[in-house]
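This report concerns only the one structure given below.
Hydrogens, waters and symmetry mates are skipped; everything else that's a heavy atom, side chains included, is used. Proteins come first, then strands; the chains are lettered A, B, ... in the order of their sequence lines, and each starts at number 1. Source: prediction; values computed, not measured.
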Protein chains: 2
Amino acid sequence: MSLKDYPHPSVTVDVVIFTLREDDLQVLLVKRAHPPFEDMWAIPGGFVDVGESLEKAALRELEEETGVRKVYLEQLYTFGDPGRDPRGHVITVAYFALVTVSAIDPHAGSDAAETGWWSVYDLPPLAFDHADILSYALERLRYKLEYTAVGFELLPETFVLSELRTAYEIILGEQLDKRNFRRKILGAGVIEETGDHRAGEGRPAKLYHFRDDAVAEVKTRRLFP
Amino acid sequence: MSLKDYPHPSVTVDVVIFTLREDDLQVLLVKRAHPPFEDMWAIPGGFVDVGESLEKAALRELEEETGVRKVYLEQLYTFGDPGRDPRGHVITVAYFALVTVSAIDPHAGSDAAETGWWSVYDLPPLAFDHADILSYALERLRYKLEYTAVGFELLPETFVLSELRTAYEIILGEQLDKRNFRRKILGAGVIEETGDHRAGEGRPAKLYHFRDDAVAEVKTRRLFP
DNA sequence: ACAAAAGTGTTGAGAGTACACCCATGC
DNA sequence: GCATGGGTGTACTCTCAACACTTTTGT
């Protein structure tokens, strides 16, 4: 028997793309140009080609929308309810990506469809089951942030400690103690001083950068309570 | 445009079915009757029908092989490498299930194909990328066990504390301190005394059972170091 | 009475939390 | 010299890990 003898569900990937912008945690959404859900906002995604791996498909979507190639990308969950797409049975493998705002090409993807960054704290109505996907992605991001060092992926190459702490506060939605944060993040050994400083309104702050092996290294340890 | 206009990858579900048998953590495998990988052992699985949810498909596979309907079932990961099945591009959504050995119907599925329970510590060569899937499932089971109360799903309805501790030791592959185990598991409030005892070789032991809401309740707390 | 498994407390170490002041710079 | 953000240390609490003896039953 051949694999082609039966009707099969279709497979898409959807990518929840997070970034830090405007002191806010934001996601990239696209406005649908065709039915169903015409003119509603949706998570960027598309069909998986035959012979294309899921991760490649997700990276392709990501690059189409943002112009970014090097990002943190993690498989989230696979949503396969037969009723989730009115056109037929479409299974979607959801991914989430963390990108530095400075790496984004603002012109990417803009010719094809309207795209926009939306605060996760103030979202429009979403097409399909994308609200579920997004809320699960946010939950997972927060969870990951506490146990691993992925927060780094949202910041530029070098940064000062207050920026890192602010990033954590924005994502977690709560205040963190300055001294305890320093002690933990430095104790975890995942960032290093660059030796440079950044001048600002007050005393100049030390610049840090992430160690490349940091994400893998902290996998087991909980960073924040 | 119709969803049917393009060739699509096929979608299967594979279910890693764990149980505790013979003082060992074992998984159910089926011997393949057809090429590719004829006569090799594989994780039970099958195609997802159009209109069927992923979870339903997984439960269907599970019932076909074990006769069990009520189990703990969790989506594991979706494997979609185009080269993983030589017949073509087959994406598989992997699940893992925990079943009580006493609930298993030993005759289920036996007419169609040869099935067998294998120790996770002594597995045969596996078809496709099933060795990867299984090792990831085991990792996830251990991880889950430490942070949540899923271990319960592998035991009969009532049990004594030493059985529960032994179950944890078998799965984690390490010894646990008797007193610390008692304190933690009782402190977590996930099990209750039934009031009965079980006589054995030594002093009779109190019987316990799980509270139905237990699995949900302990999600955030780490049970074992 | 003895074998076999069940049951029970304490102590020390490390991690987490809360909390307030001095430091370096620009204007 | 003052406003602004950067940088630092300590004490208390709580959780985890290590550890050995008594109790209850069956034979």
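- Rounded to whole Å, atom P of D:dG5 lies 13 Å from atom CD of A:Glu163.
- If you take NZ of B:Lys184 and P of C:dG7, they are 19 Å apart, rounded to a whole angstrom.
- Separating the CZ atom of A:Arg198 from the P atom of C:dG26 is a distance of 15 Å, rounded to the nearest angstrom.
- Closest heavy-atom contact between A:Val48 and A:Ala57: CG2-CB, 4.2 Å.
- Nearest nucleotide to the A:Arg203 side chain, out of C:dT8, D:dT24, D:dG7: D:dG7.
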Tabulate atom names and distances for all N/O pairs under 3.5 angstrom spanning the protein and nucleotides 9-12 of chain D.
residue: D:dG9; atom: O6; partner: A:Arg183; partner atom: NH2; Å: 3.3
residue: D:dT10; atom: O4; partner: A:Arg183; partner atom: NH2; Å: 3.0

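- The aromatic rings of A:Phe96 and A:Tyr72 sit tilted relative to each other, their planes meeting at an angle between 30° and 60°.
- A straight line from CG of B:Leu164 to P of C:dG7 spans 12 Å, rounded to a whole angstrom.
- Looking only at side-chain heavy atoms (C-beta outward), B:Leu207 and B:His197 stay at 4.5 Å or farther from each other.
- Rounded to whole Å, the distance from CZ on A:Phe181 to P on D:dG7 is 13 Å.
- Between B:Ser162 and C:dA5 there is no side-chain N or O to OP1 or OP2 distance below 4.0 Å.
- To the nearest angstrom, C1' of D:dC19 lies 16 Å from CG of B:Leu176.
- Separating the CG atom in B:Leu62 from the CD atom in B:Glu55 is a distance of 11.0 Å, to the nearest 0.5 Å.
- Here the closest non-hydrogen pair linking B:Val68 and B:Ala103 is CG2-O, 3.5 Å.
- No N or O donor and acceptor, one from the side chain of B:Lys206 and one from the base of C:dG7, sit under 3.5 Å apart.
- Comment: B:Glu163 engages B:Arg198 in a salt bridge, judged by a side-chain N to carboxylate O separation of less than 4.0 angstrom.
- Between the side chain of B:Lys178 and the base of C:dG7 there is at least one donor-acceptor pair of N/O atoms closer than 3.5 Å.
- Inter-residue side-chain proximity for A:Phe79 and A:Asp129 is flagged as met; some heavy-atom pair is nearer than 4.5 Å.
- Regarding B:Tyr208, its OH atom lies at a distance of 11 Å from the P atom of C:dA6, rounded to whole Å.
- Between B:Leu161 atom CG and C:dT8 atom C1' there is a gap of 13 Å when expressed in whole angstrom units.
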